[in-house]
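To keep things clear, I will list the structure first and then write my remarks on it.
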Amino acid sequence: MANLADHKIEFWMLFAMLGLVTVIGFAAARWRPPQTIHSLEEWGLGGRAFGNWVTFFLLSGDLYTAYTFVAVPTLVFGVGAAGFFPAPFLVIVYPLFFVALSRFWSVSHVHGFVTSAEFVRARFGSRALSLCVALTGILATMPYIALQLVGIESVFRVIGLPSGWPLAVAFGVLAMYTYNSGLRAPALISIVKDSLILWTVLMALLVVATRLGGWSLIMHAAQEKFAATPTKSDGLLLNPGSQLNYVTLALGSAMALFLYPHTLTGVLAARNRSTLRRNMAAMPLYTLTLGVLMLVGFVAISDGVIPVGGDHNTIIPRWFDMNLPGWMAGLAFAAIGVGAMVPAAIMSIAAANLFTRDIYREYIRPQATAHEEARVGKIVSLTVKLGALLALLALNTQFAIDLQLIGGVLIMQTFPAVALGLYTRWFHRWALIAGLGAGLLTGLVMLFQIPQYGGPKGTTVVRAHFGGSAWPLSHLGLHTTSTIYVGIVALAVNLVLAVALTPVLRTLGVPDGIDRTARTDYAADEGDQRVRRMTEEIIDGAPAEPRLEPLHRAGDRVL
Amino acid sequence: VKASGPDLRWPDPNWPAPGRPQPPARPVRERSPDASAWHWLLWLPIIVPLLPFLYNRSGPELAGLPFYYWGQLALALLSAGVLAIVHMATKDR
């Protein structure tokens with residue numbers, strides 16, 4: 001079935017597109033050339049200068065990853081309604097982004113922050129908390145990069161390429177142009193990605209629309225498939241027992257996406273607040289493209305798609321392979337392939353920024369120059385990608401998926417410090433650290449308790465641990481079949497501890513950190529008179545005196 | 001006037017830092033400078049997708065697609081619409 005000789009056209013189409021993207025990736029370094037690309041703000045944030053269109057492409061290319069396009073329809077194929085959670089998740093996330101991330105953008109613009117950990121250090125005056133946030137971010141991002149490789153691999157499998165070296169070549173090229181051009185590369189490439197995705201979605205709609213019977217026949221076939229399985233967790237509608245998990249998973253995923261370093265990197269590259277807010281209003285429309293691809297999961301059921309080599313992630317590429325002529329299927333494959341490269345590049349840059357600003361510059365070489373920062377960032381981005389590749393080739397895909405599952409729960413635990421920190425400095429720094437630790441531990445223990453079921457009846461335990469993120473409430477002694485998303489429970493533990501410990505620590509007289517941000521920083525915009533960069537002040541150690549004079553002069557326009 | 005003992009009030013009135021000399025005579029600002037009543041509207045596209053009883057049904061169908069699916073995708077349009085309105089209303093401040 002998966003035979004390279006039968007997929008020559010698809011292969012060359014994919015090859016041509018990846019070649020085009022490579023050329024664009026290297027050429028991106030010459031796009032709006034800065035005076036020097038040898039600073040982390042140029043290499044790692046594209047000079048903070050992306051306008052409306054570029055920001056739209058960059059963010060959509062960043063948030064809707066290839067793995068999403070491959071794995072979510074696969075989930076719908078497998079369980080039906082419960083797999084549709086990205087629809088509510090990618091709706092509620094934008095109102096949250098709209099308000100909170102514009103505050104994050106402003107405060108980072110004023111102080112020259114490149115990462116969320118830098119913000120936390122300035123807000124709560126705690127290097128330890130900042131280090132925890134940075135490490136959590138890096139740990140959560142690495143398996144996410146590996147999953148982008150899983151996305152590319154699914155396409156290679158359908159075409160009939162061997163696993164191993166083709167993946168290494170594709171990723172090696174990606175690593176080189178990211179090294180060379182920084183965030184400018186994925187920004188330009190994302191234009192190609194979005195065009196390919198849009199084309200693919202339109203083709204999928206066309207295939208279904210011209211088919212006899214339309215959606216009712218397709219949904220009927222899906223209904224029959226789910227009715228035939230003994231497990232009760234699938235179906236065309238949510239079962240009462242899975243509603244809580246559906247909602248908490250959507251909410252938790254939205255919070256996690258907010259906190260993932262690659263999201264924040266994309267956001268900080270925007271030129272001004274207005275650009276960011278306008279894009280947040282447009283972004284929900286992109287959810288519709290994912291929606292169409294999720295529905296393709298049902299079409300694949302009615303077409304009786306058989307995954308290539310037992311790898312369920314090949315269902316979507318295989319469906320395109322069966323239903324589209326060679327060159328069009330090649331474009332769809334390229335959409336997934338290029339779609340993997342954009343987020344993988346941004347994620348590796350985000351991880352590199354975190355390492356450089358919050359570990360290297362903070363703990364290893366505080367006197368590092370801008371040039372040196374950029375060099376370290378580049379090398380770390382290479383290392384991170386190499387690590388992801390080796391992890392995937394040497395270990396296995398399931399391992400990467402497990403780690404990503406854990407990563408989502410981990411990154412959620414930075415919510416109090418990063419997201420609530422945008423609104424209040426009430427929390428005590430050590431209470432936040434304790435909450436973060438407790439949340440991480442709770443999340444890990446709960447995930448460890450969840451087995452994965454499989455087998456013909458769906459009741460055999462295939463793996464004893466890390467089998468999913470839906471935690472049965474019966475663990476608490478409740479007589480219910482309901483499940484809940486692990487991340488939400490872990491975050492609740494985290495928050496309760498942070499709230500409870502804060503007054504205790506203050507009573508004990510444990511000193512608070514000094515907040516170096518001012519209230520007006522959170523509403524500052526590009527070209528603002530009040531805005532001055534305080535990067536050096538913050539990173540080169542504490543200034544002797546806290547800033548006391550108001551940041552705005554009389555008569556200044558206050559936002 | 002501060003009472004004796006640690007100050008546990010929330011939100012912390014000793015902005016920007018407790019126990020430090022306060023900035024001289026700065027107008028007390030209760031609300032954040034980017035606050036807006038329009039932001040209340042944003043709760044709509046946050047709350048509605050989190051209420052499955054609203055959309056966990058098969059009818060009315062749209063071109064054979066159960067309400068569960070097209071209804072949730074329509075929420076993306078709602079979200080975009082609400083965000084566009086709030087953006088237009090707040091951008092000129």
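The structure displayed is predicted, hence computed values, not measured ones. To find a chain, count down the sequence lines: A is the first, B the second, and so on, and within it residues start at 1.
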Residues passing the salt bridge (charged side-chain N to carboxylate O under 4.0 Å, His left out) test with A/Arg278, sequence neighbours excluded, are none
Gap separating the CH2 atom of B/Trp70 from the CH2 atom of A/Trp215, nearest 0.5 angstrom: 15.0 Å
Interface check, chain B: of A/Leu236, A/Leu217, A/Val93, A/Thr287, most non-hydrogen pairs under 4.5 Å belong to A/Leu236
Please report the closest heavy-atom contact between B/Pro45 and A/Ile92, naming both atoms and the distance. O-CG2, 3.4 Å
Scanning both residues in full, the closest heavy-atom pair of A/Val247 with B/Pro52 reads CG2-CG, 3.3 Å
Any donor-acceptor pair under 3.5 Å from B/Tyr68 side chain to A/Ala81 backbone: yes
Atom pair CG (A/Leu285) and CG (B/Leu77), whose distance is rounded to the nearest 0.5 Å: 6.5 Å
Distance, nearest 0.5 Å, that separates CD of A/Gln223 from OG of B/Ser58: 8.5 Å
Is chain B contacted by the side chain of A/Phe298, its backbone, both, or neither, given a heavy-atom distance below 4.5 Å? side chain
With respect to chain A, which residue among B/Leu73, B/Leu42, B/Asn56 yields the maximal number of heavy-atom pairs within a distance under 4.5 Å? B/Asn56
Quick one: are A/Pro284 and B/Leu83 in side-chain contact, heavy atoms under 4.5 Å? yes
Got a second to check how far A/Met219's CE is from B/Tyr69's OH, nearest 0.5 Å? 5.0 Å
With rounding to the nearest 0.5 angstrom, report the CZ to CE distance, A/Arg277 to B/Met88. 13.5 Å
Take B/Leu65 and A/Leu295 through the test side-chain contact (heavy atoms from CB on, under 4.5 Å) and record every step on the way to the result. CA-CA 10 Å; B/Leu65 207 57; A/Leu295 293 174; 3.8 Å; yes
Name the option with the most non-hydrogen atom pairs under 4.5 Å to chain A; the candidates are B/Ala84, B/Pro66, B/Ala76. B/Ala76
Passes side-chain contact (heavy atoms from CB on, under 4.5 Å), A/Ser274 versus B/His87? Steps please. CA-CA 8 Å; A/Ser274 206; B/His87 173 64; 3.7 Å; yes
Of the listed A/Pro95, A/Ser216, A/Pro511, the one with the largest count of heavy-atom pairs under 4.5 Å with chain B is A/Pro95
A/Tyr246, part contacting chain B, at a heavy-atom distance under 4.5 Å: side chain
Measure B/Val86 against the heavy atoms of chain A and call it side chain, backbone, both or neither at under 4.5 Å. both
A/Val91 vs B/Leu78, test: side-chain contact (heavy atoms from CB on, under 4.5 Å). Steps then yes/no. CA-CA 9 Å; A/Val91 167; B/Leu78 171 81; over 6 Å; no
